[in-house]
K.L.:
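Below you'll find the structure I mean.
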Amino acid sequence: MGQLIPPCLSRAFFDRPVLDVAPDLLGSVLVHGDVAVRLTEVEAYDGANDLASHAYRGPTRRNAVMFGPPGHAYVYFTYGMHFCVNLVCGEEGRAAAVLLRAGEVVTGVEQARVRRPAGPDRDLARGPARLTKALDVDRALDGADVCDPGSPLRVLAGEPVAPERVRSGPRIGISAAADRPWRWWIDGDPTVSAYRPHTPRRRRADNR
DNA sequence: TTCGAGATCGGCT
DNA sequence: GCCGATCTCGAAG
């Protein structure tokens, strides 16, 4: 009791250029239910200006949230089995967003272990799909307002990260515009995913 | 430790 | 139909 609960990040925080918001998100805390994750790795996607963005080809039913106001979660399903979560940034209609790639489980480690039994604790939210698994985030949370203290999914201010510990480099797992250094992480943090260059998958019919 | 392929399905062409 | 903002496991070095 008397325990200090940090405030949610403000709408104004997200209503800025995505390249400014992304590094500033490092160290803040994503909360869903009893589990909280301190963000250690993020990537920026700049809407219609970004070949690698889901919003590049314009609004669809899936990416509709990206074209809405900042401070909302865009949750999508991929590879037939994984969810990933983004936070919408910048002016409404720009469709810029930050992909949350990895973090450290700071609250609810027990609960997260139940959801991801395999591997050490540092891997619980290491990678965008693991992060959503640890937090139990799925499409039901698509569009959630992360600035609203009453929202099931929200982002709280965290301990500031020393600027010299923030590093940037190429984004991961994409084939288009892979050269842009739009990925940021906390240097030396064990929960940051290892960099692997994009490797196109070969078609199943190849072997035979 | 590194590498390669399978899993599995919704969205878009 | 094709391919993906991924993860995991098994085999080989």
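A note on names: the letters A, B, ... follow the listed sequences, proteins ahead of strands, and every chain is numbered from 1. Worth knowing before you read on, the calculation uses all heavy atoms, side chains too, and leaves out hydrogens, waters and symmetry mates.
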K.L.:
Please tell me which of the listed nucleotides, C/dA5, B/dG11, C/dT6, lies nearest to the side chain of A/Ala129?
P.N.:
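Among C/dA5, B/dG11, C/dT6, the one nearest the side chain of A/Ala129 is C/dT6.
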K.L.:
Just jot down the salt bridge (charged side-chain N to carboxylate O under 4.0 Å, His left out) partners of A/Arg94, sequence neighbours excluded, or say none.
P.N.:
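A/Arg94: salt bridge (charged side-chain N to carboxylate O under 4.0 Å, His left out) contacts with A/Asp46.
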K.L.:
Ignoring backbone atoms, test whether A/Thr60 places a side-chain nitrogen or oxygen under 4.0 Å from the OP1 or OP2 oxygen of B/dC12.
P.N.:
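Answer yes for this pair, as a side-chain N or O of A/Thr60 is under 4.0 Å from OP1 or OP2.
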K.L.:
With both distances kept under 3.5 Å, what pairs with C/dC3, Watson-Crick or G-U wobble?
P.N.:
B/dG10
K.L.:
A cation-pi test, strictly: NZ or CZ of A/Arg16 under 6.0 Å from the centre of the six-membered ring of A/Phe13 and no more than 45 degrees from its axis. Yes or no?
P.N.:
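Judged by the rule (NZ or CZ under 6.0 Å from the ring centre, within 45° of its axis), A/Arg16 counts as positioned above A/Phe13.
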K.L.:
As a test of reading the structure: which of B/dC12, C/dC7, C/dG4 is closest to the side chain of A/Arg116, going by heavy atoms?
P.N.:
C/dC7
K.L.:
Counting only side-chain N and O atoms of A/Arg61, is one of them less than 4.0 Å from OP1 or OP2 of B/dG10?
P.N.:
no
K.L.:
Side chain of A/Phe77, heavy atoms from C-beta onward: which of B/dC9, C/dA5, C/dT6 has the nearest atom to it?
P.N.:
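That would be B/dC9.
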K.L.:
Does C/dC7 have OP1 or OP2 sitting under 4.0 Å from an N or O in the side chain of A/His82?
P.N.:
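No, no such contact exists.
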K.L.:
To the nearest angstrom, how far is A/Arg130 atom CZ from C/dT6 atom C1'?
P.N.:
9 Å
K.L.:
Strictly below 4.0 Å: does A/Arg101 bring a side-chain N or O up to OP1 or OP2 of C/dT6?
P.N.:
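A/Arg101 to C/dT6 OP1/OP2: side-chain N or O found under 4.0 Å.
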K.L.:
In the structure I gave you, are the side-chain heavy atoms of A/Val37 and A/Val29 within less than 4.5 Å of one another anywhere?
P.N.:
no
K.L.:
Rounded to the nearest angstrom, tell me the gap between atom CG in A/Leu131 and atom C1' in C/dA5.
P.N.:
13 Å
K.L.:
Can you tell me, in whole Å, how much space there is between the P of B/dA5 and that of C/dC3?
P.N.:
16 Å
K.L.:
Is A/Tyr45 stacked on the base of C/dA5, meaning ring centres closer than 5.5 Å and planes within 30 degrees of each other?
P.N.:
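According to the criterion (under 5.5 Å, under 30°), yes, A/Tyr45 stacks.
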K.L.:
Between A/His82 and A/Phe77, does the ring centre distance come in under 6.0 Å?
P.N.:
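No; A/Phe77 has its ring centre 6.0 Å or more from that of A/His82.
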K.L.:
On DNA chain B, does the nearest nucleotide to A/Met81 precede the nearest nucleotide to A/Arg139 from the 5' side, or the other way round? Give the residue.
P.N.:
A/Met81
K.L.:
Let's test your reading of the model: under 3.5 Å, does the base of C/dA5 pair with the side chain of A/Tyr76 as donor and acceptor?
P.N.:
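Looking at the base of C/dA5, it does pair with a donor or acceptor on the side chain of A/Tyr76 (distance under 3.5 Å).
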K.L.:
Check this for me: does any side-chain nitrogen of one of A/Arg171 and A/Glu43 sit under 4.0 Å from a carboxylate oxygen of the other?
P.N.:
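No, this pair does not count.
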